[in-house]
Amino acid sequence: MQKKINESYFYRIFTSMFAVCLVSVLIMGFVTGGVFYGLYETNLKESCQATAERICTSVENVVWSYEEMLLELDSDEAVRSFMKGEQQDTNVLMQELYMLRNSFVEKATISAIRLQDRQCISTSKYMMADLNGEFPNWGVFRKANMTEGTALYAVARDALLSPEDRICMAKACRGEGGTVQGYLLVEIPRSTLELLVAEGSDQYNTSTLIVNKSASVIYHSGGIALEGLGKAEAYGYSRKLEAGEQNTGHNFAFSKSEVLGLTIMQEIPSGTLSIIMTPLLLAMAVGVLVIVLLAFLYSRRLAKSVCDPIEEIIESMGTVEEGDLSVRLNFEREDEIGQLGRAFDSMTGRVEELMERVEEEKHSLWVAETRSLSLQMNPHFLYNTLDLIKWNAKLGKNEEIVNIAVLLGRVLRRVMNTKSDLVEVSYELEIVHSFVEIQKKHYGDRLAMSVDVEEELMGLYIPKLVIQPIVENAIVHGFSGTAETCQIRISGKLRENTYLVFEIEDNGIGMTERELSHILEFRQEGMHHIGLNNVQRRARLFGDESCGIAARSRPGQGTTVTLVLKAVEKPA
């Protein structure tokens with residue numbers, strides 16, 4: 001199999017595409033499953049936490065309501081009279097307690113206990129007659145004795161007054177001098193807590209616990225048998241549990257009431273995840289199998305759509321290699337394979353033509369390179385420069401000779417040291433500047449040149465020595481026989497983001513239409529017109545037919561030469 005993959009492009013594409021599809025599906029499946037599992041688990045925990053907080057808030061609201069009721073009863077005249085032992089109709093107080101009891105949706109027992117004779121008026125069927133004399137020392141009464149407010153006591157199944165009581169609240173009624181005359185008592189039964197838990201619970205059928213500070217479970221939704229002292233620790237409860245902790249390793253969410261000293265524990269349903277994930281994983285497995293089958297078929301079809309045309313191209317190329325250039329593919333496709341086929345057909349049609357033109361192109365390149373070498377050693381330029389040095393030597397102007405020699409060396413160094421035929425525009429303009437500086441030694445202040453070329457064009461590449469010959473022609477021929485100021489202006493701009501257009505303008509003697517036409521024929525006559533002819537040929541050699549030299553001139557009004565070159569950002 002490995003040998004087939006190495007030797008066959010079909011098997012390589014097929015296995016690659018199939019592997020990519022398979023890996024993508026598996027990754028997508030794992031990521032989707034993992035994200036779903038994480039989101040669902042987080043949502044489940046948040047839901048249970050919210051349930052615990054709702055139940056905690058409901059219990060707090062009920063306790064606060066009864067606490068306000070006890071404070072109001074403490075100031076009630078009937079209660080005050082009863083606690084003092086004054087003669088009165090106890091039925092009136094009983095009716096008032098029952099009315100208060102019935103005003104709450106969450107039912108609780110309300111009692112008034114007088115210490116003088118231990119008489120109790122209560123809405124409960126359990127009366128105080130069975131209590132011994134030690135009942136004031138029981139937890140809730142003992143706490144009430146130590147506070148001016150309301151005392152709260154949460155118990156499990158060891159309630160003093162009723163085995164159903166879970167939260168007791170007591171208010172000590174004090175007489176003059178602060179002496180305790182009796183107690184007002186509220187007993188919240190287990191049924192009330194069960195009602196609050198049912199109202200606050202969500203759709204998940206899980207356990208809810210209410211735990212006091214002593215780690216006693218005072219309420220368990222699973223039944224009374226699970227309630228009692230010290231049973232909360234089995235569910236992960238700790239007396240050191242911080243208020244900010246929301247769940248533990250025992251999979252419970254917590255909501256702690258610092259005011260009541262109670263903690264609501266809501267079980268997080270672990271079994272729900274497995275119930276949901278099992279069909280989800282099964283559906284994903286079926287989906288993966290279907291996608292794998294589709295990936296197999298798609299990969300095979302894709303590989304054939306690429307490899308079959310390539311094999312046809314290979315056979316056709318073998319035919320062309322044997323010398324038959326008449327073979328054609330005639331692909332009707334519009335994709336890259338179709339473009340490749342049309343390119344192959346076009347190639348075979350042009351091969352013979354290109355083979356005939358190869359020698360001609362080689363010859364043209366050789367001519368261009370030869371003429372470029374001739375231009376580098378332009379006899380006119382060297383003759384004029386050496387003649388200028390000779391006359392300065394006769395006149396004893398050694399400093400002028402040094403300056404001319406330095407400028408000549410700079411020009412020749414830039415021309416000869418550059419191996420590439422393409423140079424930056426800035427480099428070409430530096431050659432022109434050096435050449436003009438030499439010419440100024442002859443023309444003096446009569447010769448002036450200005451350059452207006454955009455800065456962003458300076459880094460583009462053009463053929464070497466294409467502007468200097470035009471400038472030289474402007475100086476040598478344009479100002480021949482005139483004593484006027486010689487002004488040359490070079491401007492450059494980019495056209496269509498492809499072509500560089502240079503204009504070399506002078507204010508010289510100009511030319512007639514006939515002279516201009518003769519020059520633009522670019523006929524080399526011995527060593528005459530070699531510069532312009534060379535520039536014209538190289539402009540098109542490095543560009544296209546739209547490149548080259550154009551000129552306009554009128555006698556006495558100067559000449560403007562336009563040079564169009566193909567812009568190159570960087571030579572290969």
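The chain is numbered in sequence order, starting from 1.
With hydrogens and angles ignored, the 3.5 Å screen pairs no side-chain donor or acceptor of Q468 with any backbone N or O of L465. Remark: side-chain polar atoms of R54 are paired, donor with acceptor, to backbone N or O of G200 under 3.5 angstrom. In this structure, N507 contributes its side chain and Q557 its backbone to no donor-acceptor pair below 3.5 Å. A distance-only check finds a donor-acceptor pair linking the side chain of T498 to the backbone of E496 [under 3.5 Å]. Between the side chain of Q49 and the backbone N or O of F254 there is at least one donor-acceptor pair closer than 3.5 Å.
Checked against salt bridge (Lys or Arg N to Asp or Glu O under 4.0 Å), R540 has the following partners two or more places apart in sequence or in another chain: E545. S553 meets the side chain to side chain donor-acceptor pair (under 3.5 Å) test with T559; sequence neighbours excluded. Taking E503 as the reference, S491, R552, T560, T562 meet the side chain to side chain contact (heavy atoms under 4.5 Å, CB included) condition, with sequence neighbours excluded.
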Exercise. Given Q266 and T51, is the side chain to side chain donor-acceptor pair (under 3.5 Å) satisfied, shown in steps?
Worked result: CA-CA 7 Å; Q266 181 66 37; T51 298; 5.4 Å; no
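Looking only at side-chain heavy atoms (C-beta outward), I504 and R489 stay at 4.5 Å or farther from each other. At a threshold of 4.5 Å between non-hydrogen side-chain atoms, the residues I462 and I467 count as touching. Two residues are said to be in side-chain contact when any heavy atoms from C-beta on lie closer than 4.5 Å; I268 and F252 fail this criterion. Between P555 and I509 the shortest side-chain heavy-atom distance does not fall below 4.5 Å.
In this structure, CD in E437 is found 8.0 Å from CE in M449, a value given to the nearest 0.5 Å.
Residue-environment remark: CD (E515) exceeds the threshold of 12 foreign heavy atoms within 6.0 Å.
Smallest separation of non-hydrogen atoms from A567 and L500: CB-CG, 4.1 Å. Annotation for G543 and C547: closest pair CA-SG, 3.9 Å, computed over non-hydrogen atoms. Closest approach of L565 and A539 over heavy atoms only: CD2-CB, 3.7 Å.
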